[in-house]
Amino acid sequence: MNALTAQDYKSDLKPIWCPGCGDYSVVTALAKALAELGRKREDIALISGIGCSSRLPAYTAVYGFHGVHGRALAVATGVKLARPDLTVLAAGGDGDGLSIGGNHFLHACRRNVDLTYLLMDNQVYGMTKGQASPTTAPDWCESKLTPHGPEIAPVMPLPLALAAGVGFFARGFSGDPNGLARLIAAAIRHPGFAVVHILSPCITFRPEQRGWKQQVRAFEAPPEATQAAALARFAEDDGFTTGVLFAATRPAFMPARAARRTPEALAARFAVQPCSD
Amino acid sequence: MDTNLPPAPLRAPPALALAITGSGGAGAMRAGEILLAAAASAGLYGRMTRAMGPQIRGGEAAALLRLAPDAIESPPDSIDLLIALDWENFARFADEIPLTQASLVLADPDQGPVPQAVTASGARIAALPAKALARAIPGGRANMVALGAASRLLGLPRELLADTIAHQLGAKGEEALAANRAALDRGAAAELPALARRLTLRPSAAPRWQLSGNQATGYGALAAGVRFVAAYPITPATEVLEYLAPALAETGGVLVQAEDELAAINMTIGASFAGTPALTATSGPGLALMVEALGLAVASETPLVVVDVMRGGPSTGIPTKSEQTDLNIALYGLHGDAPHLVLAPNGIGDCARTTAWAVGLAETLQVPALVLSDQALGQSRAVIAPPPPAPPTPGRLLAEDLAAFRRYDVTPSGISPMTLPGTEGGAYVADGLEHTPRGAPSASYTDHAAQLAKRARKLAVFDFGADWADAEGAGTIAILTWGSPTAAAREAAMRARADGLAVRVISLRLLAPAQPARLAALLTGVTRVLVVEQSDGAQFHRYLRAFYDLPPAVTVLARPGPLPIRPGEILAHLPVQE
């Protein structure tokens with residue numbers, strides 16, 4: 001019924017991304033998901049922070065906000081709580097979301113505002129030319145900052161999100177834009193905070209990630225529905241299982257409000273009552 | 001009412017200053033609140049400030065009141081009546097309770113010897129065995145005995161206190177009220193010397209409000225249309241949020257407790273981008289965390305208001321006490337060339353008016369506005385005339401012609417029409433990256449220069465009108481000040497005028513952008529200036545030097561918090577000699 005095609009959700013700006021970057025496919029998958037859902041462009045807000053993947057809003061035709069590093073989820077939370085009528089998405093990379101913005105990730109999971117978060121993970125800081133990120137393996141030695149490797153364990157987004165109380169977690173691969181589009185659409189439909197962890201290779205600084213297409217495999221079972229079951233099932237997961245891995249029903253956070261009184265009526269409460277005699 | 005005592009000395013206003021002190025649980029604060037409310041019902045004006053230690057509960061506390069038949073917000077030069085429920089940790093706030101030979105001190109003999117700091121002042125000391133008197137009444141409390149004594153000495157009808165207690169503590173039941181009443185009677189019946197002077201009660205029919213500065217700030221935000229607040233708790237700003245949480249829910253708005261100040265301001269930015277006037281409130285350490293996002297609001301031209309209820313700094317500093325030392329970070333904390341608004345209320349009622357004006361200006365100019373309140377304003381309760389409404393502002397300029405819409409269009413006013421999400425054909429990307437008029441990221445000199453000039457221009461050409469400062473008086477001497485010391489400056493000038501010395505008081509409400517032509521007009525004929533501020537580093541004086549032409553003779557009274565600047569000190573610093 002929708003007259004708009006996926007192309008209508010894209011802008012005419014040419015991305016700054018390197019040829020072969022996984023993020024191109026994320027734009028494609030997002031546009032396809034939005035077209036399938038038939039949401040009006042003006043009723044969608046896409047919020048991002050800083051990094052290669054955070055350039056995403058400029059390449060779409062929806063309302064966008066490109067903020068500061070690490071704060072996309074906070075801005076998106078403000079948009080959704082102020083305007084529950086809007087479909088609100090946040091997007092960003094592993095550094096933006098799990099390092100500088102890690103605290104907001106935890107609290108977005110537990111706050112459960114109805115947002116969709118596209119967490120585009122390439123295990124590297126691309127925009128600053130190839131430093132280790134919070135999801136980089138401890139023995140990755142290609143950065144001049146950490147020539148012996150980061151030497152610390154990577155963050156695992158799935159158990160981290162589960163421990164923080166997330167209600168929906170899917171993992172997709174940018175090499176499968178149609179599958180990714182389905183996951184993004186499911187996440188948008190989920191009434192609460194929904195994480196789509198997107199494996200999106202950086203072939204410039206992590207050329208070995210070309211091999212991810214051989215590593216990913218689909219999760220064939222229905223999504224786990226309880227935190228305990230999901231933690232148990234994915235405790236040994238290598239991070240390449242794709243699909244909707246976890247979906248639980250939790251009430252989304254939306255404070256009640258009703259314009260019952262005017263500010264002037266509230267001012268009357270300050271008035272001094274003179275003594276009657 | 002007893003009126004056979006001499007009237008107040010001419011040079012000081014007909015006001016009485018009172019301190020009630022005690023350790024945790026003694027009820028000094030409660031007694032102060034009841035006294036202020038009773039005085040309000042009796043037609044008086046007044047103010048109660050709080051001096052507290054850092055304890056969460058149970059620390060020493062002092063309720064400092066000043067009551068008068070006319071509006072009064074200045075701290076006093078000295079205390080007329082000190083009622084000490086006990087002397088525990090009194091030394092911690094002795095500095096804030098200046099006593100003279102004219103002071104009367106009521107001390108409970110069962111609470112140990114009167115501290116040397118008190119006896120050295122030469123104040124008259126009288127015994128009020130409040131604890132023993134209270135103990136004789138089942139459920140009796142010493143603070144109620146003290147209130148009874150205060151009501152008699154101040155000439156406040158005891159009935160009024162009893163009614164106020166019933167109103168404030170009625171939920172505790174009939175038995176407790178009867179005990180409180182009996183304790184009041186015991187206090188009022190105690191043998192006590194009279195005060196050196198006393199109040200003239202003049203029942204007032206004029207409408208008055210009783211509220212704290214932080215409540216006033218919250219109300220001002222609400223009145224100006226703020227319907228979204230995100231914030232992280234911090235002393236001494238939390239009461240702004242405690243007022244707003246239920247008030248927003250009743251008026252169709254939302255308050256969110258964020259995980260930190262970084263989230264708080266970014267949520268505020270998101271809500272404002274979505275079209276809802278938005279505000280956050282914090283204090284110095286929180287403001288420091290918010291500064292990066294303030295730059296984002298400047299670059300993305302997102303309206304928002306940050307209220308900073310200032311406290312002693314740097315770092316954790318003195319969280320419970322006042323200082324005017326966030327002026328520098330408010331003016332200069334942002335990186336890049338980032339024009340924005342900085343405003344400061346100069347009274348408790350003005351917290352409402354200035355905050356409301358800041359909201360209107362931020363919305364109109366699509367820019368962040370900082371409102372610098374402080375602990376002395378925020379955590380004081382006052383009985384005041386209802387504040388006048390804020391100056392009207394046009395509000396957000398929304399795009400009408402969407403076919404030609406470019407979010408960051410370069411316009412003569414510097415203000416670019418904007419759209420709100422939900423507007424068909426109006427989608428754009430708000431960006432902290434430098435951008436083209438359309439909003440596409442740009443690193444070109446041409447775009448940078450055009451956008452910088454546009455953002456500077458919208459503040460430079462806007463007519464802020466006469467409300468940018470409060471100016472009163474005439475003569476060749478001017479007191480230049482801002483924020484909470486304004487009340488003391490006004491009282492000092494009033495007393496100087498009573499002595500035949502003309503003094504102007506100029507209190508700056510809009511600190512950024514600076515208004516040099518307007519100040520020059522207010523300073524016409526002034527040859528000597530006294531700058532008054534509560535900052536050891538004289539941040540306000542340096543700001544004046546940077547942006548304004550001052551007459552050659554400038555004296556500076558710049559002192560750190562937490563001691564308030566008192567009117568007598570300002571009088572003593574007035575540059576009366578050529």
Side-chain angles (χ1 to χ4, degrees), chain A residues 11 13 16 40-47 50 55 57-58 60-83 85-86 88 101 103-104 106-107 111 254-267 269-275 277, chain B residues 40-43 160 163 203-205 207-211 215 219 222-223 227-228 230 247-256 258-260 262-263 266-276 278 292-293 295-296 300 383 386 421-433 440-441:
Chain A
S11 79
L13 288 184
I16 59 161
K40 292 180 184 165
R41 288 175 295 192
E42 60 270 22
D43 293 339
I44 300 164
L46 174 57
I47 316 299
I50 294 297
R55 290 284 186 139
T60 70
V62 302
Y63 280 85
F65 199 106
H66 184 208
V68 293
H69 197 22
R71 317 294 164 218
L73 286 172
V75 175
T77 299
V79 173
K80 183 67 184 182
L81 294 181
R83 289 283 303 277
D85 58 305
L86 299 175
V88 184
N103 195 34
H104 309 308
L106 293 183
H107 291 276
R111 189 176 284 117
M254 182 54 71
R257 70 198 94 176
R260 295 190 303 271
R261 291 189 178 81
T262 63
E264 292 68 32
L266 297 193
R269 296 174 187 169
F270 296 134
V272 171
Q273 304 303 325
C275 57
D277 52 11
Chain B
S41 296
L160 205 53
D163 289 351
S204 167
R208 284 160 305 137
W209 283 5
Q210 188 193 158
L211 75 176
Q215 290 176 328
Y219 171 69
L222 213 58
R227 292 295 179 273
F228 183 91
L248 280 164
E250 281 184 279
T251 51
V254 173
L255 181 139
V256 191
E259 54 269 32
D260 54 30
L262 304 168
N266 281 285
M267 287 179 184
T268 305
I269 287 172
S272 176
F273 166 74
T276 303
E292 184 197 24
L296 169 62
S300 63
V383 180
T423 308
E424 190 178 357
Y428 73 99
V429 179
D431 209 326
L433 275 174

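Residue numbering restarts at 1 for every chain, and letters A, B, ... go by the order of the sequence lines.
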- Query: A:L81 and B:M267: side chain to side chain contact (heavy atoms under 4.5 Å, CB included), yes or no, with the steps?
  - Reply: CA-CA 9 Å; A:L81 294 181; B:M267 287 179 184; 5.5 Å; no

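- Looking at A:H66 and B:L433, their side chains come closer than 4.5 Å, going by heavy atoms from C-beta outward.
- Of all non-hydrogen atoms in B:Y219 and A:E264, the two that sit nearest each other are OH-CA, 4.2 Å.
- Between the side chain of A:R71 and the backbone N or O of B:N266 there is no donor-acceptor pair closer than 3.5 Å.
- For chain B, the option among A:R55, A:K80, A:M254 with the highest count of heavy-atom pairs below 4.5 Å is A:R55.
- At least one side-chain heavy atom of A:H104 sits less than 4.5 Å from a side-chain heavy atom of B:L262.
- Residue with the most contacts toward chain B among A:T77, A:L13, A:L46, A:N103: A:N103 (heavy-atom pairs, distance under 4.5 Å).
- Using a 4.5 Å cut-off between heavy atoms, B:T268 does not touch chain A at all.
- Contacts with chain B were tallied for A:P57, A:P255, A:A258; A:A258 has the most, counting heavy-atom pairs under 4.5 Å.
- Rounded to the nearest 0.5 angstrom, A:I50 CD1 and B:L296 CG are separated by 8.5 Å.
- Using a distance-only test at 3.5 Å, with no hydrogens or angles considered, a donor-acceptor pair links the side chain of A:Y63 to the main chain of B:T423.
- Proximity to chain B involves both the backbone and the side chain of A:A267, based on heavy atoms less than 4.5 angstrom apart.
- Of the atoms belonging to B:P207, not a single heavy atom falls under 4.5 Å from chain A.
- Interface residue A:A271: backbone and side-chain heavy atoms are both found under 4.5 Å from chain B.
- Separation of atoms CZ (A:R83) and OG1 (B:T276) is listed at 7.0 Å; rounding is to 0.5 Å.
- For B:A230, no part sits under 4.5 Å from any heavy atom of chain A, backbone or side chain.
- Atom CD of residue B:E292 and atom NE2 of residue A:H69 lie 9.0 Å apart, to the nearest 0.5 angstrom.
- Per-residue heavy-atom pair counts under 4.5 Å with chain A were compared for B:E424, B:R208, B:E250, and the maximum is reached by B:E250.
- In this structure, chain A has a heavy atom under 4.5 Å from the side chain of B:F228, while its backbone stays farther away.
- In this structure, A:R41 contributes its side chain and B:A427 its backbone to no donor-acceptor pair below 3.5 Å.
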- Task: Could you please spell out the steps behind the side chain to side chain contact (heavy atoms under 4.5 Å, CB included) verdict for A:L106 and B:E259?
- Result: CA-CA 9 Å; A:L106 293 183; B:E259 54 269 32; over 6 Å; no

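- Aromatic ring pairs are classed by plane angle as parallel below 30°, tilted from 30° to 60° and perpendicular above 60°; the pair B:F273 and A:F65 is perpendicular.
- Neither the backbone nor the side chain of B:P386 comes within less than 4.5 Å of any heavy atom in chain A.
- When all heavy atoms are compared, the tightest approach of B:A223 to A:P263 is CA-CB, 3.9 Å.
- The choice from B:A247, B:G422, B:P421, B:G270 that makes the most heavy-atom pairs within less than 4.5 Å of chain A is B:P421.
- Heavy-atom distances place both the backbone and the side chain of A:V68 under 4.5 Å from chain B.
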